[in-house]
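As a basis for the values below, the full set of heavy atoms in this structure was taken, side chains included, without hydrogen atoms, waters or symmetry mates. Bear in mind that the values here come from a model prediction, so they are computed numbers and not experimental data.
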Amino acid sequence: MTYWHTIRYLKPVQFWSRALFRVGRPQSRLVGADAAPLPRNWQNPVAKPVTMTGPTRFQFLNVSQDLNTVGWDDPEVEKLWRYNLHYFDDLGVQGSPERHQWHEEIILRWMAENPAAAGTGWEPYPVSLRIVNWIKWLLAGNLPPPGMIGSLASQADWLTRRLEYHLLGNHLFANGKALVFAGLFLSGPDAERWLAIGTGILRSQLKEQILEDGGHFELSPMYHAIALDDVLDLLNIMTAYGHDAAALGLPISKELVVRMLEWLAAMTHPDGEISLFNDAAFGIAPRLGDLSAYAARLDIPIPTRPRDGLTHLAASGYIRLQANDAVCIIDVAAIGPDYLPGHAHADTLSFELSVHGKRLVVNSGTSLYGNGPERLRQRGTAAHNTVLIDGENSSEVWSGFRVARRARPLGPSVSRAGDKWTISCAHDGYRRLSRPVTHTRQWTFDDRTLSVVDSFGDAKATAEARFHFSPEVTITAITDRQFVADLPESTVKIDIRQGEQAHLETASWHPRFGDSVANQRLSVHSFGAPIGIKIEW
């Protein structure tokens with residue numbers, strides 16, 4: 001039954017494309033293409049973080065390995081780490097002249113040690129990111145080592161026969177972007193074909209993946225920032241080569257970038273980092289400030305940051321409340337596209353809160369992918385600032401990237417009285433239980449307080465509301481219903497207004513891949529009765 005409730009949402013293209021992938025890989029073929037003349041007005045993209053710490057040493061996901069020891073495809077090495085190895089992100093680092101020699105040598109080594117169509121390096125997603133990174137490196141003025149142009153052509157041609165229609169989403173978008181880069185950078189009939197295929201993919205995917213409010217449809221701030229970086233790269237290379245996006249049929253414009261920047265700004269805390277809803281972590285995608293600077297280099301006007309009051313990202317399902325230096329970001333969204341919930345968490349009606357410019361209430365974040373129990377725990381409701389009923393997740397997350405029955409928001413409603421905002425929303429994720437429950441949550445916010453009240457109708461079920469706090473915060477119990485949170489240079493009061501039992505517990509926060517940082521959480525229990533908490537700063 002779990003499997004049925006997972007696959008029933010998939011699109012037909014995902015079924016037949018997956019079947020074609022399993023039939024076998026096509027043979028690579030020789031293709032001919034030359035590099036087109038380099039454009040003069042290519043703008044520097046966002047600089048990548050250093051991942052190459054020596055001529056053969058790499059650090060990804062907080063794990064350092066030497067290529068001479070693990071090689072390109074050691075099955076004992078986590079697959080996401082191997083994926084990163086084949087991306088070649090370090091080519092985008094702004095660094096010392098010695099990096100050029102490292103980069104040239106590692107490109108030559110990759111070509112020599114990764115035969116066509118074999119291994120992790122030839123899976124479509126790493127191929128897509130590597131094509132873009134190699135071309136960006138060459139557009140920066142680096143001369144191609146022997147065989148590099150031919151390898152780029154072979155990789156682009158291979159990619160056209162391994163497009164990820166079975167996954168769709170950011171994977172297919174990356175495929176299309178890579179083919180546009182290859183089609184513009186290289187010349188000849190094959191390059192024209194790659195450009196046509198790439199623009200065809202992006203033409204449909206941009207309309208579907210970028211919502212009316214500018215948000216990316218997977219509803220992850222991290223993947224939104226990646227998508228925004230992709231859009232800026234596409235504008236950059238099309239402008240550099242004298243192509244107009246509209247003439248190619250692509251709905252890419254400066255206005256689109258502005259909407260995407262506004263969305264990211266609304267989902268960013270005062271510390272400049274993203275909120276951690278769904279799969280999200282620091283250090284993977286560019287920060288808002290870096291993307292804004294990139295947009296400015298492309299002559300795109302930078303929108304103003306969110307002002308005090310309410311910002312409702314209605315198409316996405318997020319709400320930002322801001323008053324002076326307090327920011328509350330609320331999730332009243334669906335978990336993501338029905339056919340693509342791989343980066344979704346069971347976090348419906350969760351929220352994050354910053355006060356005095358510092359994070360106070362935090363979701364637990366994402367430190368790993370894969371299929372293990374820790375991945376499942378981090379996706380579960382208990383790792384977020386919302387309510388478990390009878391110990392169950394609000395959406396049935398399972399395996400590493402799957403969801404069966406999922407919570408759907410009912411609402412929200414928004415009201416204002418003076419400077420006080422009230423948001424109310426419910427979800428039906430617990431209607432599937434033997435004792436069906438509709439969870440309703442109300443947030444009341446002004447410049448000094450946030451009150452959160454959870455109610456469950458007349459259902460008699462065990463409810464547990466969890467509130468996770470930043471590791472920078474120390475929570476101390478004054479009574480069994482009163483707590484104080486000590487932030488740098490300030491103190492916050494926390495009162496349990498409703499609920500039967502409250503417990504202060506040790507937990508963990510995962511702001512980056514590979515990171516697990518000890519923090520505290522407050523758990524409030526009830527049997528059918530409402531749960532209420534007030535945070536005052």
Enquirer: Quick check: closest heavy atoms across Asp454 and Ala465, and the distance to 0.1 Å?
Expert: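 Reported closest heavy-atom pair: OD2-CB, 4.0 Å.
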
Enquirer: When you measure from the side chain of Ser220 to the backbone N and O of Asn278, does any donor-acceptor pair fall under 3.5 Å?
Expert: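 No, Ser220 side chain to Asn278 backbone: no donor-acceptor pair under 3.5 Å.
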
Enquirer: Is there a donor-acceptor pair closer than 3.5 Å between any side-chain N or O of Asp446 and the backbone N or O of Thr449?
Expert: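 Yes; at least one donor-acceptor contact below 3.5 Å.
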
Enquirer: Looking only at the side chains, is there a donor atom on one of Ser128 and Asn175 sitting less than 3.5 Å from an acceptor on the other?
Expert: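 Looking only at side-chain atoms, Asn175 and Ser128 do form a donor-acceptor pair, the distance falling under 3.5 Å.
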
Enquirer: Is Arg259 salt-bridged to Asp213, going by a charged N under 4.0 Å from an acidic O?
Expert: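 No.
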
Enquirer: Can you spot which of Leu388, Val397, Leu349, Val387 makes a side-chain contact (heavy atoms from CB on, under 4.5 Å) with Thr381?
Expert: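 So the option named by the test is Leu388.
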
Enquirer: Any side-chain donor-acceptor pair under 3.5 Å between Asp229 and Tyr294?
Expert: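 No, no side-chain donor-acceptor pair sits under 3.5 Å.
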
Enquirer: Between Asp89 and Asn133, is there a side-chain donor-acceptor contact under 3.5 Å, judged purely by atom types and distance?
Expert: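 Yes, because at least one side-chain N or O of Asn133 sits under 3.5 Å from a partner of the opposite role on Asp89.
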
Enquirer: Is there side-chain contact between Thr444 and Lys420, with at least one heavy-atom pair below 4.5 Å?
Expert: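 Touching, per the 4.5 Å side-chain cut-off.
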
Enquirer: Do any N or O atoms from the side chain of Arg432 and from the backbone of Ser394 form a donor-acceptor pair under 3.5 angstrom?
Expert: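 Yes: the side chain of Arg432 pairs with the backbone of Ser394.
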
Enquirer: Checking Asn371 against Ser399: is there a side-chain donor and acceptor pair closer than 3.5 Å?
Expert: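 Per modelled atom types, Ser399 and Asn371 side chains form a pair under 3.5 Å.
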
Enquirer: Under 4.0 Å between a side-chain nitrogen and a carboxylate oxygen: does that hold for Glu164 and Arg162?
Expert: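 Salt bridge absent between Glu164 and Arg162.
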
Enquirer: Taking 4.0 angstrom as the limit, do Arg377 and Glu374 come out as a salt bridge?
Expert: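 Result for this pair is yes, salt bridge flagged.
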
Enquirer: Hey, are the side chains of Met260 and Glu255 touching, using non-hydrogen atoms and a 4.5 Å cut-off?
Expert: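 No, too far: nothing below the 4.5 Å cut-off.
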
Enquirer: Answer yes or no: is there a donor N or O on one side and an acceptor on the other, between the side chain of Thr386 and the main chain of Thr348, under 3.5 Å?
Expert: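 It does hold such a pair.
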
Enquirer: Are there more than 12 heavy atoms of other residues, nucleotides or ligands under 6.0 Å from atom NZ of Lys48?
Expert: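 Yes.
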
Enquirer: Which heavy atom in Pro530 sits nearest to a heavy atom in Ser526, and how many Å separate them?
Expert: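 For Pro530 and Ser526, the tightest heavy-atom pair comes out as O-OG, 4.1 Å.
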
Enquirer: Where the side chain of Arg406 meets the backbone of Asp338, is there a donor-acceptor pair that is under 3.5 Å apart?
Expert: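 Flag set: sc Arg406 to bb Asp338 pair under 3.5 Å.
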
Enquirer: Give me the atom names and distance for the closest heavy-atom approach of Pro306 to Arg320.
Expert: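 Looking at all heavy atoms of both residues, the closest pair is CB-NE, 3.5 Å.
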
Enquirer: Roughly how far apart are Leu232 CG and Lys254 NZ, rounded to 0.5 Å?
Expert: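 The NZ atom of Lys254 is 11.5 Å from CG of Leu232, to the nearest 0.5 Å.
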
Enquirer: Is it the case that the side chains of His269 and Ser354 hold a donor-acceptor pair, with the cut-off being a distance below 3.5 Å and no angle test?
Expert: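 Per modelled atom types, Ser354 and His269 side chains form a pair under 3.5 Å.
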
Enquirer: Under a plain distance cut-off of 3.5 Å, with no hydrogens placed, do Asp347 and Asn363 share a side-chain donor-acceptor pair?
Expert: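 No - no donor-acceptor pair under 3.5 Å links their side chains.
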
Enquirer: Say you draw a straight line from CD of Gln322 to SG of Cys328; how long is it, rounded to the nearest 0.5 Å?
Expert: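 If we round to the nearest 0.5 Å, Gln322:CD and Cys328:SG are 11.5 Å apart.
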
Enquirer: Could you give the distance from CG (Leu410) to OG (Ser424), rounded to the nearest 0.5 Å?
Expert: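 Between atom CG of Leu410 and atom OG of Ser424 there are 10.5 Å.
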
Enquirer: Please assess His171 against Tyr125 for the test ring pair (Phe, Tyr, Trp, His ring centres under 6.0 Å), listing each intermediate value before the final yes or no.
Expert: CA-CA 6 Å; His171 277 244; Tyr125 192 68; 4.1 Å; yes

Enquirer: Do Tyr87 and Pro126 have side chains that approach each other closer than 4.5 Å (heavy atoms only, starting at C-beta)?
Expert: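 The answer is yes, as the side chains (C-beta and beyond) meet within the 4.5 Å cut-off.
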
Enquirer: May I ask you to check whether Glu505 and Ser523 show a side-chain donor-acceptor distance below 3.5 Å?
Expert: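 Their side chains do contain a donor-acceptor pair, which is all the 3.5 Å distance test asks for.
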
Enquirer: Can we call the ring centroids of Trp263 and His224 under 6.0 Å apart?
Expert: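 Ring centroids of Trp263 and His224 are less than 6.0 Å from each other.
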
Enquirer: Report the C-alpha distance between Leu184 and Met238 in whole Å, list the side-chain angles of each, state the deciding distance to 0.1 Å, and finish with yes or no for side-chain contact (heavy atoms from CB on, under 4.5 Å).
Expert: CA-CA 8 Å; Leu184 292 174; Met238 287 188 294; 4.0 Å; yes

Enquirer: Applying side-chain contact (heavy atoms from CB on, under 4.5 Å) to Leu129 and His86, what does each step give before you reach the verdict?
Expert: CA-CA 8 Å; Leu129 271 61; His86 290 276; over 6 Å; no

Enquirer: Find the distance between CG (Leu340) and CD (Glu208) and round it off to the nearest 0.5 Å.
Expert: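 Between Leu340 CG and Glu208 CD, I get 9.0 Å after rounding to 0.5 Å.
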
Enquirer: Show your reasoning for whether side-chain contact (heavy atoms from CB on, under 4.5 Å) applies to Ile330 and Trp443.
Expert: CA-CA 9 Å; Ile330 296 171; Trp443 298 262; 3.5 Å; yes

Enquirer: Do the side chain of Arg82 and the main chain of Val77 share a donor and acceptor less than 3.5 angstrom apart?
Expert: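 Yes: the side chain of Arg82 pairs with the backbone of Val77.
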
Enquirer: Return yes if some donor-acceptor pair links the side-chain N/O of Arg375 with the main-chain N/O of Gly400 below 3.5 Å, else return no.
Expert: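 Side chain of Arg375 to backbone of Gly400: a pair is present.
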
Enquirer: Roughly how far, to the nearest 0.5 Å, is the CZ atom of Arg379 from the NE2 atom of His345?
Expert: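 His345 atom NE2 to Arg379 atom CZ measures 6.5 Å (nearest 0.5 Å).
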
Enquirer: Can you tell me how the ring of Tyr318 sits relative to the ring of Phe277, calling it parallel under 30°, perpendicular over 60° and tilted otherwise?
Expert: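 Tyr318 and Phe277: tilted rings.
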
Enquirer: Do Tyr369 and Phe513 have ring centres separated by under 6.0 Å?
Expert: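 Ring-ring flag for Tyr369/Phe513: true, centres closer than 6.0 Å.
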
Enquirer: Using side-chain contact (heavy atoms from CB on, under 4.5 Å) as the criterion, list what pairs up with Gln155, not counting sequence neighbours.
Expert: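 Listed in chain order: Trp110, Trp122, Val127, Arg130, Ile131, Trp134, Ser151.
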
Enquirer: For a quick check under 3.5 Å, do Ser350 and Asp331 share a side-chain donor-acceptor pair by atom type?
Expert: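 On atom types as modelled, these side chains do not qualify, holding no pair under 3.5 Å.
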
Enquirer: Working to the nearest 0.5 Å, report the span between CD1 of Ile423 and CH2 of Trp421.
Expert: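 Those atoms lie 7.0 Å apart.
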
Enquirer: Testing the 3.5 Å rule here: is there a donor-acceptor pair between the side chains of Thr366 and Gln378?
Expert: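 Per modelled atom types, Thr366 and Gln378 side chains form no pair under 3.5 Å.
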
Enquirer: Is the ring centre of His216 less than 6.0 Å from the ring centre of Tyr223?
Expert: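 Centroid separation for His216 and Tyr223: 6.0 Å or greater.
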
Enquirer: Can any side-chain N or O of Asn519 pair as donor or acceptor with the backbone N or O of Ser508 at less than 3.5 Å?
Expert: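 Yes, the answer is positive, given that a donor and an acceptor are paired below the 3.5 Å cut-off.
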
Enquirer: Between Leu159 and Trp194, does a side-chain contact (heavy atoms from CB on, under 4.5 Å) hold up when you go through it step by step?
Expert: CA-CA 9 Å; Leu159 181 59; Trp194 304 330; over 6 Å; no

Enquirer: Between the side chain of His439 and the main-chain N/O of Ala426, is any donor-acceptor distance below 3.5 Å?
Expert: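 Side chain of His439 to backbone of Ala426: no pair is present.
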
Enquirer: Can you see which heavy atom on Ala507 is nearest to which on His468, and at what distance?
Expert: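 For Ala507 versus His468, the nearest heavy atoms are CB-CD2, 4.4 Å.
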
Enquirer: Where do Val257 and Ala295 come nearest, in terms of heavy atoms and distance?
Expert: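 Reported closest heavy-atom pair: CG1-CB, 4.3 Å.
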
Enquirer: Salt-bridged, Lys177 to Asp230, with N to O below 4.0 Å?
Expert: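 A salt bridge is present here (some side-chain N lies under 4.0 Å from a carboxylate O).
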
Enquirer: How far apart are the closest heavy atoms of Ala285 and Met222, and which atoms are they?
Expert: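 Closest approach of Ala285 to Met222, heavy atoms only: CB-O, 3.4 Å.
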
Enquirer: Is any side-chain heavy atom of Ile535 closer than 4.5 Å to a side-chain heavy atom of Leu353?
Expert: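 Yes, at least one pair of side-chain atoms sits under 4.5 Å.
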
Enquirer: Look at the side chain of Glu352 and the backbone N and O of Val362, then say whether any donor-acceptor pair between them is shorter than 3.5 Å.
Expert: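 Checking the backbone N and O of Val362 against the side chain of Glu352, no donor-acceptor pair under 3.5 Å is found.
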
Enquirer: Please work out which of the three classes, parallel, tilted or perpendicular, describes the rings of Phe60 and Phe58, given edges at 30° and 60°.
Expert: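 Ring orientation, 0 to 90° scale: parallel.
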
Enquirer: Report yes if some heavy atom in the side chain of Asp233 is under 4.5 Å from a heavy atom in the side chain of Lys136; otherwise report no.
Expert: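 In short, these two side chains touch, coming nearer than 4.5 Å.
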
Enquirer: Run the salt bridge (charged side-chain N to carboxylate O under 4.0 Å, His left out) check on Asp325 and Lys358 step by step: do they pass?
Expert: CA-CA 9 Å; Asp325 55 1; Lys358 301 290 186 180; over 6 Å; no

Enquirer: Between Asp390 and Arg435, is the salt bridge (charged side-chain N to carboxylate O under 4.0 Å, His left out) condition met? List the steps.
Expert: CA-CA 9 Å; Asp390 290 342; Arg435 294 180 294 184; 3.3 Å; yes

